[in-house]
Amino acid sequence: MGVKGGEIIQEIINHRLKYDSEIFFVDTKIVSTEFNMTIIKKKQYYGVLLNSEIVIPPIYDEIVVLTHSIVAIKIKNRISLYNISRKKTITDFSYISMEHIGSYWKFNNDSGSFLIFDTIGEKFFNNKGRYDEYNLRCDHTEYCWVRRGRFFDFIHRGTGKSFSLPGIVMAYDTEIGMFGKNENGTISLFEESGIENVIRLRQMICEAGGYLTLTNYTYNIQHVIDVYGNILNI
Amino acid sequence: MIKECCRSLSYNDEERQFTFPLNPCLSHIWNKVKKDIKSIDPDFHLNDFNQLLTRLCDLHNQYSRIETKCIADIFILPGEVLELSLVDDPNPLRMVKMKKGQYLNVNTGRGYSFGDKYKFRDNYILETSEGYILGSVKSTALLSPSCEHIALSKVYIGDYYRNKISDSLWPIFEMVVNNTNPRCNARIPEYLLMARKMGINSFSLLNILNASTHVWG
């Protein structure tokens, strides 16, 4: 969103704040309560009440509570994130849509890029890697795979740290570990250093009875592998 | 290509081995499959086809060798093929793990027990539980089945990987050895069915079956 766009939004906010102060006599209605925050509505605009105090004045077209301290505020089809505790917006109003995927919210801006917010860890996913796709569907996995072009990397869900793996062309949704398929069609289990852990893979497959089934739920792919990482269900 | 080029498991008395033999009239087959193959891989030519056929004629040696300085029996699955190079012996010792601590010598059909706490290690004496010394190990390797075996297994054994690998593979060996007419192909379908139920691939199966030929009467 350009400077001019930001200025326009700020003008609208200022205008609405003035309007809100002028209609002080109009009652606010309670819309809903989440995380101890109450969404209120005055005329056609929304705000937030917390502990009987209006922490966000009712000047927004839409408000979505994401966590106990973060809300998404929308004005003229532009979305920003607001931190109730810090009493300020933490992004600009450059996002035009938002999607709820599992425990994540994805905010898309008009240039095609996006922001991922993890509601459990209350943090943003590092998108310095400029990934084209994030696997947000399977939030029970230790690592989230991400894709840039035809190659996959991983991000640790707990820390948000990203791991770039060499030449991985398919990644899998597993509770623990980073499983990836290389260009030769063999699947390996990777350490965060990027090195293959053949011993740990062997242990896991021995415990599983000789074969392991790996699934990528987004691409609807399931591969059964042997102790050498060979794909067997060809 | 596997379906077109190979017939199912059978015993070749002339060569004294179990194998998946090749179909005759292969050039006819190449002309038939060429278009489909090239739609997947435009760089696959007749020469590659011939090389594939050559590999299919030597399934015993279609594997990737994975060197390992030390591996414990507990981390080897039944059906895995272990190859040990021994000092003063030009012929490597190839064994299939049949059960915890128990292995089948592929070249002699003899079974060895090392115990389930055994570790195969380079530069160590290879000794069975009974005290029989096989030699001094120079190198240890696991043999990973090649893509030919993966494809053969899928076509002729089926979805064996949906079953956990059996704790013991001796029933297959015993079935062949106890067969009153092991050279006859009549019971072959049973071997394949048993391989599927026990969760093993063609590489493991062929090694077990070919080991059994050494103990036929």
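Keep in mind that this is a model prediction, so the values were computed, not measured. Residue numbering restarts at 1 for every chain, and letters A, B, ... go by the order of the sequence lines. Keep in mind that the numbers below use all heavy atoms, side chains included, and drop hydrogens, waters and symmetry copies.
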Is it true that atom NZ of Lys99(B) has more than 12 heavy atoms of other residues, nucleotides or ligands lying nearer than 6.0 Å?
no
When you look at Phe75(B) and Ile199(A), which way does the side chain to side chain contact (heavy atoms under 4.5 Å, CB included) test go after all the steps?
CA-CA 9 Å; Phe75(B) 290 124; Ile199(A) 295 172; 6.0 Å; no
Heavy-atom closest contact (Ile165(B) atom, Gly210(A) atom, distance)
CD1-CA, 3.7 Å
Could you pull out the closest heavy-atom pair between Leu232(A) and Lys154(B), with the gap in Å?
O-CD, 3.8 Å
Considering non-hydrogen atoms only, spot the tightest contact between Arg202(A) and Ile76(B) and give its length.
NH1-CA, 3.9 Å
Return yes when atom NZ of Lys3(B) has more than 12 non-hydrogen atoms of other residues, nucleotides or ligands closer than 6.0 Å, and no otherwise.
no
What part of Ile231(A) is in contact with chain B, defined as an atom under 4.5 angstrom from a non-hydrogen atom: side chain, backbone, both or neither?
backbone
Considering all heavy atoms, the nearest Tyr161(B)-Tyr211(A) contact
O-CD1, 3.5 Å
Quick check: are there more than 12 heavy atoms from other residues, nucleotides or ligands sitting under 6.0 Å from CD1 of Ile74(B)?
no
Identify the heavy atoms of Tyr228(A) and Leu142(B) that sit nearest to each other, and give their distance.
OH-CB, 3.7 Å
Need one label for Pro145(B): side chain, backbone, both or neither, based on atoms under 4.5 Å from any heavy atom in chain A.
both
CG-CG distance between Asp226(A) and Asn201(B), expressed to the nearest 0.5 angstrom
7.5 Å
Just checking Glu175(A): does its CD atom have more than 12 heavy atoms from other residues, nucleotides or ligands closer to it than 6.0 angstrom?
no
Chain A contact via Ile66(B) - side chain, backbone, both or neither, heavy atoms under 4.5 Å
side chain
Contact class of Asp167(B) relative to chain A, heavy atoms under 4.5 angstrom
neither
